[in-house]
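See structure below.
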Amino acid sequence: MLHNPKNSKQVYVKSFGCQMNVYDSERMIESLIPLGYKATLKEDDADLIILNTCHIREKATEKIYSEVGRLKPIKQKNPNLKIIVAGCVAQAEGEEIIRRQPMVDILVGPQSYHKLPELLTHSNSKHVVLDLDQTGKFDWPNRGVGNTQKISSFLTVQEGCDKFCTFCVVPYTRGQEYSRPVAEVVMEAHELVAGGAREIILLGQNVNAYHGLGKDNRSWSLADLIWRLSEIPELDRIRFVTSHPNEMTQDLMVAFRDCPKLMPYLHLPIQSGSDKILKLMNRKHTQAEYVEIISQLKSYRPDIAISGDFIVGFPGETEEDFQETLKIVQTIGFIKSFSFKYSPRPGTPAAERERVEPAIQAERLTKLQDLLSEYQFAVQKSSIGKTCRVLFEKEGRFEGQLVGKNEHFQVVYGELPKEFIGRVGDMKIKDANINTLHGELV
Ligand code: SAH
Ligand code: SF4
Ligand code: F3S
């Protein structure tokens, strides 16, 4: 992946959790190139192993201890191997990790990993760096060379969260909401495009709350930023994730209507259909308000596809509350969804509350997922016979096959020559299963 012949040391990075961790992992690799590292996909060959961890749900910490334990034979073979625990578990657990697992050399939080090169040059002692101040984090050499997904690239524009939903650890692990300045984002977008990106997915924990400083000293909204990025000629597509319903401003809805590069797909988590539960979650909107946002959005962009996140068995959730969640699925008809059993996170307000029995949680999750799959499959099947525009990203599983995504972020396979990688083609859909579509070039 990286080709500096002088690079003789190998770094293996394993990412857990959200897309932002994937982005961060790539940036860590880039920041280590000047120290003589190159990325490897084989942990056995590594001189440095970084576990970039996620704390969002159950057993995250235990998983990391067992991951580190698993590295023991590699460490025995290579006593110089360094092990770093980065990301949200490092931030949440702190020094306890090194106390319990002395094989770990360095702990860095999600806002401190830019200090890795410095920490590694003083590498004979243990380091714990968990500052939550983002200053300097987005400043690194070799930007973009570590990207694993070239055609569709992630670009972090906003980090952290001030919303404090009562179930969520993100405000504690990622810190306060912070938006990168417009000029910095635009520069990085140009670099990504020069490196081959044709789609950019803007990342943020609350990406639609973006309010970065523009050159005009004004605070730019996400819509302003999208319009600016759409001026980059070789960039075909723009998306963003994850949005909060309370930040769906009108200028963003207008952008969905008027900006041809902004794709008609929005991931807008609702978590629960019950107003009582939404309140207990501190989501600050009702089911009706969510439905209204989607209906407004559809008045601007009728073909927009909506995906969502759900939590079942939140403390206090009754059967009636759960029925409301099923109802919202029927009302909206999500194109794709992620659903989870509520998982108590240490230090969050909901963790103190009385739990819903695990058996009931499991039963509700199955019911919800069955319904979500039914709707998802119906959407997938309704694509058959229609033509969509697919940006091809890479080769598919079989010889002669390419895979990419259509406007609605559905995965589409087709038999095409490799030259189509990085290009958009019109595909007539011939076949559909729950997660993928198969089409022919028109
Ligand atoms: N910022 C986004 C979500 C970030 S976390 C938003 O506001 O919606 C990604 C998803 O993980 C959440 O949408 C939620 O569905 C799930 N999640 C977060 N904390 C959880 C917990 N304690 N238990 C179960 N699921 C959780
Ligand atoms: Fe977590 Fe999202 Fe709520 Fe922020 S808005 S606390 S990231 S669920
Ligand atoms: Fe996980 Fe941290 Fe992302 S907890 S979901 S890696 S912000």
Side-chain angles (χ1 to χ4, degrees), residues 14-25 51-61 63-64 85-93 108-111 113 130 132 154 156 158-178 203-210 240-248 266-273 277-278 280-285 290 293 306-315 317 325 334 336-353 355-356 358 361-362 364-365 368-369 372:
K14 185 162 180 182
S15 286
F16 303 82
C18 61
Q19 290 106 323
M20 200 173 280
N21 260 8
V22 175
Y23 176 89
D24 289 345
S25 293
L51 302 174
N52 197 10
T53 61
C54 171
H55 203 238
I56 202 85
R57 280 174 295 272
E58 212 93 62
K59 302 198 182 98
T61 316
K63 191 151 92 195
I64 295 313
V85 176
C88 292
V89 176
Q91 191 68 38
E93 295 292 313
V108 273
Q111 308 304 7
Y113 65 71
L130 304 172
L132 276 175
F154 295 133
T156 293
Q158 180 275 335
E159 265 209 60
C161 183
D162 299 336
K163 293 216 162 28
F164 292 93
C165 301
T166 55
F167 53 82
C168 184
V169 288
V170 171
Y172 311 95
T173 61
R174 292 265 168 182
Q176 276 186 325
E177 228 172 272
Y178 166 81
L203 297 181
Q205 267 88 33
N206 276 290
V207 69
N208 56 345
Y210 177 84
F240 56 89
V241 73
T242 296
S243 298
H244 192 288
N246 291 357
E247 311 279 353
M248 278 315 297
L266 177 68
H267 183 62
L268 197 67
I270 178 160
Q271 316 297 358
S272 167
I277 296 299
L278 286 169
L280 290 172
M281 287 176 165
N282 194 30
R283 293 291 288 183
K284 299 203 173 87
H285 64 78
Y290 183 89
I293 292 164
I306 308 296
S307 65
D309 288 350
F310 298 87
I311 296 177
V312 297
F314 186 79
E317 187 188 75
T325 298
F334 296 90
K336 194 179 169 71
S337 323
F338 304 91
S339 45
F340 317 96
K341 281 186 264 187
Y342 167 71
S343 160
R345 311 312 298 130
T348 59
E352 312 294 317
R353 300 179 193 161
R355 314 238 168 109
V356 170
Q361 279 193 321
R364 288 183 189 162
L365 187 64
L368 175 64
Q369 290 184 336
L372 289 168

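In each ligand, atom 1 is the first atom listed, and ligand 1 is the first ligand listed. Only heavy atoms go into these numbers, but all of them, side chains included; no hydrogens, no water, no symmetry mates.
For atom 5 (S) of ligand 1, the closest heavy atom belonging to the protein is Ile56 CD1, 3.5 Å. In terms of protein heavy-atom proximity, atom 26 (C) of ligand 1 is nearest to Ile311 CD1, 3.6 Å. If you check which protein heavy atom lies closest to atom 1 (Fe) of ligand 2, you get Cys168 SG, 2.3 Å. Remark: minimum distance from atom 24 (C) of ligand 1 to any protein heavy atom is reached at Lys341 O, 3.3 Å. The protein heavy atom nearest to atom 4 (Fe) of ligand 2 is Cys161 SG, 2.2 Å. The shortest contact between atom 10 (C) of ligand 1 and any protein heavy atom is with Asp309 OD2, 3.4 Å.
Listed for the Ser272 side chain is no donor-acceptor partner under 3.5 Å among the backbone atoms of Ile277. Between the side chain of Arg345 and the backbone N or O of Arg57 there is at least one donor-acceptor pair closer than 3.5 Å. When atom types are taken as modelled, the side chain of Asn282 and the backbone of Phe164 share a donor-acceptor pair closer than 3.5 angstrom. Under a 3.5 Å cut-off, the side chain of Gln158 and the backbone N or O of Glu177 do not form any donor-acceptor pair. Listed for the Ser337 side chain is no donor-acceptor partner under 3.5 Å among the backbone atoms of Asp309.
Interface of His55 with ligand 3, defined as ligand atoms under 4.0 Å from a residue heavy atom, comprises 1 (Fe), 4 (S). Heavy-atom contacts of Phe167 reach the following atoms of ligand 2: 8 (S) (cutoff under 4.0 Å). Short contacts between ligand 1 and Gln205, defined as distances under 4.0 Å to a heavy atom of the residue, involve ligand atoms 1 (N), 2 (C). Atoms of ligand 2 lying under 4.0 Å from at least one heavy atom of His244, given by number and element, are 5 (S). Atoms of ligand 2 found under 4.0 Å from any heavy atom of Val170 (numbered from 1 in listed order, with element): 7 (S). For ligand 3, the atoms closer than 4.0 angstrom to any heavy atom of Asn21 are 6 (S). Against a heavy-atom cut-off of under 4.0 Å, Arg345 is close to the following atoms of ligand 1: 22 (N). Heavy-atom contacts of Cys18 reach the following atoms of ligand 3: 3 (Fe), 5 (S), 6 (S), 7 (S) (cutoff under 4.0 Å). Contact atoms of ligand 1 toward Pro269: 8 (O) (distance under 4.0 Å to a heavy atom of the residue). With ligand atoms numbered from 1 in the order given, ligand 2 contributes 4 (Fe), 5 (S) to contacts under 4.0 Å with heavy atoms of Asn206.
The shell of residues lying under 4.0 angstrom from ligand 2, judged by heavy atoms, excludes Gln271. Note on ligand 1: Lys163 sits outside its first shell, no heavy atom being nearer than 4.0 Å. Using a 4.0 Å heavy-atom cutoff, Val170 is absent from the residues neighbouring ligand 1. Assignment of Arg174 to the shell around ligand 3 is supported, since a heavy atom sits closer than 4.0 Å.
Residues His267 and Ser307 bring a donor and an acceptor atom of their side chains to less than 3.5 Å of each other.
Annotation: Tyr342 places no N or O atom under 3.5 Å from an N or O atom of ligand 1; distance criterion only. Residue Gln271 places at least one N or O, backbone or side chain, under 3.5 Å from an N or O of ligand 1. Below 3.5 Å of separation, one finds an N or O of Arg57 facing an N or O of ligand 1. The shortest N or O to N or O distance between Arg283 and ligand 1 is under 3.5 Å. Residue contacts with ligand 1: Phe340 is placed with no nitrogen or oxygen under 3.5 Å of a nitrogen or oxygen of the ligand (distance criterion only). Taking distance alone, with nitrogen or oxygen atoms compared against 3.5 Å, Thr242 stays at or beyond that limit from ligand 1. Close N/O approach between His244 and ligand 1 is not found [any backbone or side-chain N/O within under 3.5 Å].
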Derivation of the side-chain contact (heavy atoms from CB on, under 4.5 Å) call for Arg364 and Val356 = CA-CA 11 Å; Arg364 288 183 189 162; Val356 170; 4.2 Å; yes
Checking side-chain contact (heavy atoms from CB on, under 4.5 Å) for the pair His285/His244: CA distance, chi angles, key distance, verdict?
-> CA-CA 10 Å; His285 64 78; His244 192 288; 4.3 Å; yes
Please test Thr166 against Leu280 for side-chain contact (heavy atoms from CB on, under 4.5 Å), starting from the C-alpha separation and ending with a verdict.
-> CA-CA 7 Å; Thr166 55; Leu280 290 172; 5.6 Å; no
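When heavy-atom distances to ligand 1 are checked against a 4.0 Å cut-off, Ser343 comes that close through both its backbone and its side chain. At a 4.0 Å heavy-atom cut-off, ligand 2 touches Pro171 through the side chain alone. Looking at Val169 against ligand 2, nothing comes within 4.0 Å, counting heavy atoms. Heavy atoms of Phe164 found under 4.0 angstrom from ligand 2 belong exclusively to the backbone. The part of Gln205 lying near ligand 3 is the side chain, judged by heavy-atom distances below 4.0 Å.
Partner Arg174 forms a side-chain hydrogen bond (donor to acceptor under 3.5 Å, both in side chains) with one of His55, Glu159, Gln111 and no other, that one being Glu159.
The CG atom of Asn21 sits 9.5 Å away from the OG1 atom of Thr156 when rounded to the nearest 0.5 Å. Distance NZ/Lys14 to CG/Leu51: 7.5 Å, rounded to 0.5 Å. Here CZ of Arg283 is found 8.5 Å from CD1 of Ile270. Values are rounded to the nearest 0.5 Å. Once rounded to the nearest 0.5 Å, the distance linking OG of Ser243 with CZ of Phe240 reads 4.5 Å. Note: Arg353 CZ to Thr348 OG1 = 8.5 Å, rounded to the nearest 0.5 Å. Taking CG from Asn206 and NZ from Lys163, the interatomic distance works out to 4.5 Å, rounded to the nearest 0.5 Å.
Using a cut-off of 2.8 Å, one finds that Cys54 contributes no N/O/S atom close to atom 3 (Fe) of ligand 3. For a distance bound of 2.8 Å, the N, O or S atoms of Cys165 include none lying that close to atom 4 (Fe) of ligand 2. At a threshold of 2.8 Å, atom 2 (Fe) of ligand 3 has a backbone or side-chain N, O or S atom of Cys88 nearer than that distance.
Looking only at side-chain heavy atoms (C-beta outward), Asn52 and Tyr113 stay at 4.5 Å or farther from each other. Residues Val85 and Glu93 form no side-chain contact, since every pair of their non-hydrogen atoms from C-beta on lies 4.5 Å or further apart.
By the 6.0 Å contact criterion, NZ on Lys341 is open, its count of non-hydrogen atoms from other residues, nucleotides or ligands being 12 or less. Counting heavy-atom neighbours within 6.0 Å of Glu58 CD, excluding the residue itself, gives a total above 12.
Summarising the geometry of Gly17 relative to Cys54, their closest heavy-atom pair is CA-CB, 3.4 Å, with the distance given to 0.1 Å.
Which of Met281, Arg283, Lys163 comes nearest to atom 2 (Fe) of ligand 2 through a heavy atom is settled by distance: it is Arg283.
Within 4.0 Å of atom 20 (C) of ligand 1, at least one protein heavy atom is present.
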